[in-house]
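Computed from a predicted model, the values in this text were never measured in an experiment. Residue numbering restarts at 1 for every chain, and letters A, B, ... go by the order of the sequence lines.
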Amino acid sequence: MSAPWLAELNDAQREAVTYGDGPLLVIAGAGTGKTKTLACRAAYLVQNGTDPERILLLTFTRRAAGEMIDRAKFLADDPAVQNIWGGTFHAVANRLLRQYGRAVGLSADFTVMDASDAADVLNLIRTETGAAKSDRRFPRKQTLIKIYSHVVNAQRPLREVMEEHFPWCADDLDAIATIFERYTERKRASDVVDFDDLLLFWKALCEEEQIRDVICERFDHVLVDEYQDTNSIQAAMLRGLRRGNDNIMVVGDDAQSIYSFRAATVRNILDFPDQFPGTHIVKLEKNYRSTQPILTASNAVMSQAKERFTKDLWSDRTSDVKPILVTCMDEDGQSKDVRTHVLDHYEDGVALQRQAVLFRAGHHSAKLEVELAASNIPFHKYGGLKFVDAAHIKDMLAILRILENPYDEISWLRTLLLLRGIGPKSARRIIDELGVRGRQSNGHDGDPGVATPSPLRRMIEEPPLVSPAGREGFAELRLALADCAGTPLPSSRAGKRTLRKSKKRKVASLATQIERIHRFYAPICEESFENAGPRLRDLEQLAEIAAGYKSRTRFITDLTLDPPASTSDLAGAPYLDEDFLVLSTIHSAKGCEWDVVHIIHAADGMIPSDMATADDAGVDEERRLFYVAMTRAKNTLYVYFPLRYYHSRYRRGDGHGYAQLTRFIPTSMRDLFDHRTLRVDDDDAMIDVPGARDRVSASLKNLWRE
DNA sequence: CATTTATAAATTTTT
DNA sequence: TTTATAAATG
C-alpha cells in the first residue's frame, strides 16, 4: 500500500518513514525535513494498521506534538490519528501517573508544582533547618533547585554534580543533602510532585515489573523528537519503556544540542545504537529550508567548534543574497533598524508572521518591544518570563490549589501570607493547626480524608484562632473557601450568610470557583500592587481559559505543564487570524522556521552569554545556539550588532561600553555576509562623534582632581 | 514578639 | 523587577 505523499519524500526520508520493526536512529540536520519525516512516519504506521492509541510521540513542547499530529492526520486522512499519545516527556509522565501512579504511592489527583513553587518549598526548608543563618552565605533557592534538578536529570550523585557544576557550594554539601532529603519527604507527604519527580516516578513505574509490562504493552511504537536534547533519566525511561518491544524511533541533530543546562547530553544520541542493539541509522542531509548563502555562513560558524560531528548542510536553493550583518549605533538604533527591515519586507508581501526576531535572553527584546509598540506593529513574544510566573496569577492559583489538594502546604502558605496581619509565624501555626502536615500520621495509604477531616474541612468547620490584626482577612478567606467547596459554614452566629441556601450545596463549578476566588482576591490585589489594573485584567483572562475546562485538575495541571507563553496567548482564537511579528528566545525557536529572521544582540557577552564563556564546552553550546538561530531562516537572515551598550540599568553613572561583534563571526568570515549600516533616522539625526562622550566625561571628572 | 516597611543587591536558556 | 536582609512599628 503506497500513499501518494510517500512519493514526495527523498530516499532517506522514505527509508525512515517506511522502516519496519526495531530501533531506528535518524540523524537530521537543520531544515532537512525532520518534522515532516516524523509526521509521515506516524501517518504511515496508522495507514498500515497500527492503532493510533498505541503510538507514543514524545516531543519537546506540546505545541510541536500538536503540529505533528495535525500533519499526520492530514496525511493519513484519518481523524483517528488524533488519538496518538503525544506530548512532552513531562506531560506524558503526568498522564501515565494519573493512571498507574498508585503503584508508586501517588494518588490520582496529585498536584504538580512548577520550578518556582519548588524553589519556594526548598526555601522554606532552608530556613527551617537554619542552614541559612550560618555566618557563611548559603546557596539561594534558585541555586538549590538547579542543583536538585541536575542531580535527578543527569542521574548522578549529588557530590559529583556539585563538584563539577557548583563548586562554590561544595562546603555546604551535607546541609544541602539534608535539605533535599526533607524536600523529598515533604513532597510525598503532601501528594505534590515537581517537574523532576514526574520523570523520576515514571522511571520508578518502569522498575516495578508488573506495571512496566502493562505500560510496555500499551505502545506498539514510540517516536521521539529532538533526541539530542534529552537527558540521561529520559534515556533510562525509554529503555524501561521498550523492554520486550524495541520499536523505537528517535530523531535528532547533535549540532543543535542546546539544553545542557538541563542536563541534556549528546551522549544519548551517540550511544543510542549501543543502548538499542540492532539500531538502523538513517541520515538526512539535504536542507530544504534555507538558501545556500545562509547555509554557507551557518556551516562556517559550526566549523569553528572544538567538537564537531555533523557534515555541512547543502541546498538546491541558490540565491545571490548573503546574510546581512547590520551594524547599529546602540540598542535603540538596533530597534529602529529591525523595525525598518521588518516593514520593508512586510511591504514586499512577507507577512509579519513569516518573520521572527530571535535573541539569547528574554529581556534582550525589551527595547525592541517598546519600539514596536510605539510603531503599532503587533508582536507576540515566546520564551522569557511566563504569564504564570506573575505574582497575581500565582496567588489565584494557590487558592485554587488548596481546594484541589488541601495538603498542599506551599499553597496554604502563599495564600495565608496574602492576608494582612498574618506573617510567616502565624501562617506556620495555622498550617500546623489545620493538620496540613499531619497526613502521614493517619496511616492508611492514599486515603487521608476518612480518619481525620481534611485541612480544608477543618478550616471551614473549626478554624484556628487568629490574632486581631489578621482576623478579618482570615474570615474572608474562610468564606471564599467554603463557597468554593460547597460546604456551608457551621450555623453558629457566623453562619447567617450561608443559611439562605439549603444545607446541601453542590461543589461549585470551576468557573464559579474562579469567580468566587476573584471576588476574594481583587481587593487584595488592588491593595498590594501599584498596577492593579492590568493585573486584574490578566485574572479575567485566566477565568476565560478556565471556561474551556470542565475539570479543575486538568486546568491546574495544564497551566503548570504547558503555561501560556504570554498574556496575549490567552486570548486565543480572536488573535489567531491577526498578523503579528514573532519575538522569541533562540531556545523557544527550536524547530521553527521563518522567511525572514532577525538575530539581535550579536555581540560578545550576549551571544555567547557572559555566563557561559568559562569553558570550551559552554562556548561551544553558545555556538550551537547561534547556529540554531541562523538556520531558522528560509530566505533572508539579518544579524544585528549594536556598537555601544549603556549599562546603567542597575549600576549608577553614565557607564557605557563599546561592544565586540560576536566571536562566532570572526574577521575571516566577514565576506560571507553583506554589511550594512543604516543612517540614523531623520528626527533623531544627531552628529555623533565617537569617543566624545568619554572625553567630556573625563575632563569633567578631572576638574576635581589636580 | 510578629509583622511591615525600608534598603540593598542581583538578574540565561525551559519542562 | 524581584528578593534577601535590616530597621522600625504595632
Dot-bracket encoding of pairs in DNA chain B, which uses [ ] for pseudoknotted crossings and | for another strand, Watson-Crick or G-U under 3.5 angstrom: ||||||||||.....
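Taking side-chain N and O atoms only, A:S588 has a distance below 4.0 Å to OP1 or OP2 of B:dT14. Regarding contacts with the backbone of B:dT14, a side-chain N or O of A:T585 is found under 4.0 angstrom from either OP1 or OP2.
For the pair A:I422 and A:E621, nearest-nucleotide mapping onto DNA chain B gives the more 5' position to A:I422. Heavy-atom nearest nucleotides on DNA chain B were determined for A:S609 and for A:G423, and the one closer to the 5' end corresponds to A:G423.
Ring-plane geometry between A:Y638 and A:H598 is classed as parallel, the angle between the planes falling under 30 degrees on a 0 to 90 degree scale with a further cut at 60.
Residue contacts for A:R62: at a heavy-atom cut-off of 4.0 Å it reaches no nucleic acid atom on any strand shown. Among the heavy atoms of the strands lying under 4.0 Å from A:T61 are primed sugar atoms or P, OP1, OP2 only; no base atom is included. A:Y259 comes within 4.0 angstrom of the backbone, heavy atoms only, and of no base. Among the heavy atoms of the strands, none lies under 4.0 Å from A:L198.
Applying the side chain to side chain donor-acceptor pair (under 3.5 Å) rule to A:S257 yields no partners; only residues at least two apart in sequence or on another chain are considered. Taking the side chain to side chain contact (heavy atoms under 4.5 Å, CB included) definition, one finds that A:S609 meets it with A:R360, A:M611, A:E622, sequence neighbours left out. In this structure, the side chain to side chain donor-acceptor pair (under 3.5 Å) partners of A:E409, at least two apart in sequence or on a different chain, are A:R186, A:R428. Residues passing the side chain to side chain donor-acceptor pair (under 3.5 Å) test with A:D616: none are found, sequence neighbours excluded. Not counting sequence neighbours, the partners of A:Q256 by the side chain to side chain donor-acceptor pair (under 3.5 Å) test are A:D253, A:R632.
In this structure, CZ of A:R140 is placed 12 Å from C1' of B:dA8, rounded to the nearest angstrom. Whole-Å rounding puts the A:K425 NZ to B:dA2 P distance at 5 Å. Computed from coordinates, the A:L561 CG to B:dT14 P distance equals 16 Å when rounded to whole Å.
Aromatic ring centroids of A:F359 and A:H601 lie 6.0 Å or more apart.
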